[in-house]
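Position 1 is the first residue of the sequence, and the numbers go up from there. We use all heavy atoms of the structure for the numbers below, so side chains are in, but hydrogens, waters and symmetry mates are not.
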Amino acid sequence: MALVSGLEVIDECVSRGLVAGAFNTTNLETTMGIVDAIERVGVPTFIQVAPTNVALSGYEYIYDMVSRRLADTSVPVALHLDHGKSLDAVESALAARFTSIMIDDSEASFDDNVATSAKARAMCGPDIALEAELGSIGGKEDDVAPEYANTTNPAQVAPFIEAVGVDMLAVSVGNVHGFAPNARIDFDLLARVREAAGSVPLVVHGGSGLPAEQLGRLNEFGVVKVNVASDLRNAMIRSYGEAFVANPDETSLIRVAKDSVIAIADVVERRIRILNPSVA
């Protein structure tokens with residue numbers, strides 16, 4: 001199946017009561033592992049990349065790699081720009097035929113965030129899904145950390161959605177980027193944000209650090225997308241490290257690379273099933 005719009009992933013997840021994992025890729029092994037897991041479970045999914053992680057390859061290479069692997073896959077998958085911090089990043093991802101976009105001006109003032117996000121909305125048009133962030137999510141990932149973190153203000157949610165016209169809203173409700181073993185969702189706050197958001201589904205970043213019992217509840221609160229990045233990267237790095245420890249003279253790169261694909265696929269499958277307890 002060719003890449004689909006993020007709108008299609010959202011619609012199918014909402015209609016089936018599912019939560020889409022959003023898994024960050026950087027290279028071939030990670031992409032192969034993500035798609036292997038998607039094929040096992042059959043849940044619509046986002047594959048995504050942040051601007052900091054296209055430095056090695058560029059947006060076009062990411063598109064070519066992901067779309068080629070998905071050609072024989074029947075599960076709907078969107079290619080998503082994660083944390084586009086500028087309109088230039090949005091423009092580059094759209095030029096490379098990404099099918100879903102995140103604009104992140106969440107550290108700016110409310111008015112500036114609205115203005116930037118509205119420009120991204122116009123750039124995406126009606127067929128490309130747009131995610132924006134309200135409230136700044138803490139933690140550090142991809143060597144990027146916010147200047148400050150603050151939780152989403154429920155009173156700002158409806159005005160922001162109306163002014164921008166987002167398809168998904170990323171929220172800060174106790175979630176933290178990267179590995180954060182003490183991160184916990186504030187479900188009372190999430191419920192208030194959910195009510196204010198109306199029919200617009202929510203996005204939770206920082207899925208690597210949240211406990212399984214919290215991840216499994218997110219679909220009760222209108223969450224349609226949960227980002228997972230650090231878990232996958234750690235699985236790959238750990239797989240290569242274990243291969244070296246087992247045999248410092250190892251020279252079969254392909255064997256080690258194939259083992260890393262298996263490790264990544266296992267992590268992705270577990271996360272998808274945790275997010276969707278109803279999936280057999």
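- The closest donor-acceptor contact from the side chain of T116 to the backbone of D112 lies under 3.5 Å.
- Looking at every heavy atom in both residues, S239 comes nearest to A263 through CB-CB, 4.3 Å.
- No chain of hydrophobic side-chain contacts below 4.5 Å, direct or via other Ile, Leu, Val, Met, Phe, Trp or Tyr residues, connects I262 to V35.
- Under the 4.5 Å side-chain criterion, counting only non-hydrogen atoms from C-beta, R69 is in contact with D36.
- Between D64 atom CG and Y61 atom OH the span is 8.5 Å, to the nearest 0.5 Å.
- Taken to the nearest 0.5 Å, the OG atom of S57 stands 3.5 Å off from the CD1 atom of I62.
- A salt bridge links R16 to E12: at least one charged side-chain nitrogen sits closer than 4.0 Å to a carboxylate oxygen.
- Checking side-chain atoms of T25 against main-chain N and O of N27 turns up a donor-acceptor pair under 3.5 Å.
- In summary, the aromatic rings of F98 and Y63 are positioned with their centroids too far apart to meet the 6.0 Å limit.
- In this structure, V173 and T151 have side chains that are not in contact, with every pair of non-hydrogen atoms separated by 4.5 Å or more.
- Atom CD in E91 sits 5.0 Å away from atom CE in M123 (nearest 0.5 Å).
- Taking OG from S100 and CG from L79, the interatomic distance works out to 8.5 Å, rounded to the nearest 0.5 Å.
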For side-chain contact (heavy atoms from CB on, under 4.5 Å), just list the numbers for V77 and V9, CA-CA rounded to whole Å, side-chain angles, deciding distance to a tenth of an Å, and then say yes or no.
CA-CA 7 Å; V77 178; V9 174; 5.8 Å; no
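- Across all non-hydrogen atoms, the minimal contact from P154 to L189 is CG-CD1, 3.7 Å.
- A continuous path of Ile, Leu, Val, Met, Phe, Trp and Tyr side chains, each step under 4.5 Å between heavy atoms, connects M32 with L253, placing both in one hydrophobic cluster.
- For F23 and F46, the distance between ring centers is not under 6.0 angstrom.
- When all heavy atoms of A37 and A265 are compared, the pair lying nearest together is CB-O, 3.4 Å.
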side-chain contact (heavy atoms from CB on, under 4.5 Å) between N219 and V223: does it pass, once the steps are laid out?
CA-CA 5 Å; N219 65 337; V223 173; over 6 Å; no
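- Hydrophobic clustering places L87 together with F160 (ILVMFWY residues linked when any side-chain heavy atoms are closer than 4.5 Å, directly or through intermediates).
- Under the 4.5 Å side-chain criterion, counting only non-hydrogen atoms from C-beta, L202 is in contact with L190.
- Proximity of a side-chain donor or acceptor of S5 to a complementary backbone N or O of D127 within less than 3.5 Å is detected.
- Looking at T152 and S172, their side chains never bring a donor and an acceptor atom within 3.5 Å of each other.
- Between R184 and E213, none of the side-chain N atoms (NZ, or NE/NH1/NH2) sits under 4.0 Å from a carboxylate O, so this pair counts as no salt bridge.
- Salt-bridge check for R238 with D231: failed, with every basic side-chain N at 4.0 Å or more from each acidic carboxylate O.
- Here the straight-line distance linking atom CZ of R271 with atom CG of N227 works out to 12.0 Å at 0.5 Å rounding.
- For N234 and S230, the side-chain atoms include no donor-acceptor pair closer than 3.5 Å.
- You'll find the side chain of E60 stays beyond 4.5 Å of the side chain of R97, heavy atoms only.
- At a cut-off of 3.5 Å, with distance as the only test, no side-chain donor of D111 or S109 sits close to an acceptor on the other residue.
- Note on ring orientation: taking the six-membered ring where Trp is involved, the planes of H205 and H83 are perpendicular (angle over 60°, cut-offs 30° and 60°).
- We find that R40 and D266 are joined by a salt bridge, their nearest charged nitrogen and carboxylate oxygen being less than 4.0 Å apart.
- Minimum heavy-atom separation, G84 to P51: CA-CG, 4.2 Å.
- Of all heavy-atom pairs spanning V228 and S208, the tightest one is CG1-OG, 3.6 Å.
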Steps toward side-chain contact (heavy atoms from CB on, under 4.5 Å) verdict (D82, V49):
CA-CA 5 Å; D82 184 28; V49 64; over 6 Å; no
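- Residues V43 and V279 are in side-chain contact: their nearest non-hydrogen atoms beyond the backbone lie under 4.5 Å apart.
- Enclosure of atom CD in E162 is not indicated, since only 12 or fewer non-hydrogen atoms of other residues, nucleotides or ligands lie within 6.0 angstrom.
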Candidate pair N153 and V157, rule side-chain contact (heavy atoms from CB on, under 4.5 Å), full reasoning:
CA-CA 7 Å; N153 181 351; V157 170; over 6 Å; no
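- Atom CG in L130 sits 9.5 Å away from atom CE in M102 (nearest 0.5 Å).
- Looking at heavy atoms from C-beta onward, D167 lies in side-chain contact with R121 at the 4.5 angstrom threshold.
- The shortest distance between side-chain heavy atoms of S106 and L134 does not fall below 4.5 Å.
- Within 6.0 Å of CZ on F244 lie no more than 12 heavy atoms contributed by other residues, nucleotides or ligands.
- Contact detail for L169 and V200: the closest heavy-atom pair is N-CG1, 4.2 Å.
- Two different hydrophobic clusters hold L7 and V166 under the rule that ILVMFWY side chains link at heavy-atom gaps under 4.5 Å.
- The main-chain N or O of A170 is never found under 3.5 Å from a side-chain atom of E133 such that the two would form a donor-acceptor pair.
- Cluster membership check: I264 does not share its hydrophobic cluster with I237, using side-chain heavy-atom separations under 4.5 Å among Ile, Leu, Val, Met, Phe, Trp and Tyr.
- Judged by distance alone, the side chains of E29 and S260 never bring a donor and an acceptor atom under 3.5 Å apart.
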Test N24 against N53 for side chain to side chain donor-acceptor pair (under 3.5 Å), laying out the working first.
CA-CA 9 Å; N24 288 65; N53 274 284; over 6 Å; no
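- Residues V193 and F221 are not in side-chain contact: their nearest non-hydrogen atoms beyond the backbone lie 4.5 Å or more apart.
- Between the N247 side chain and the D249 main chain, a donor and an acceptor come within less than 3.5 Å of each other.
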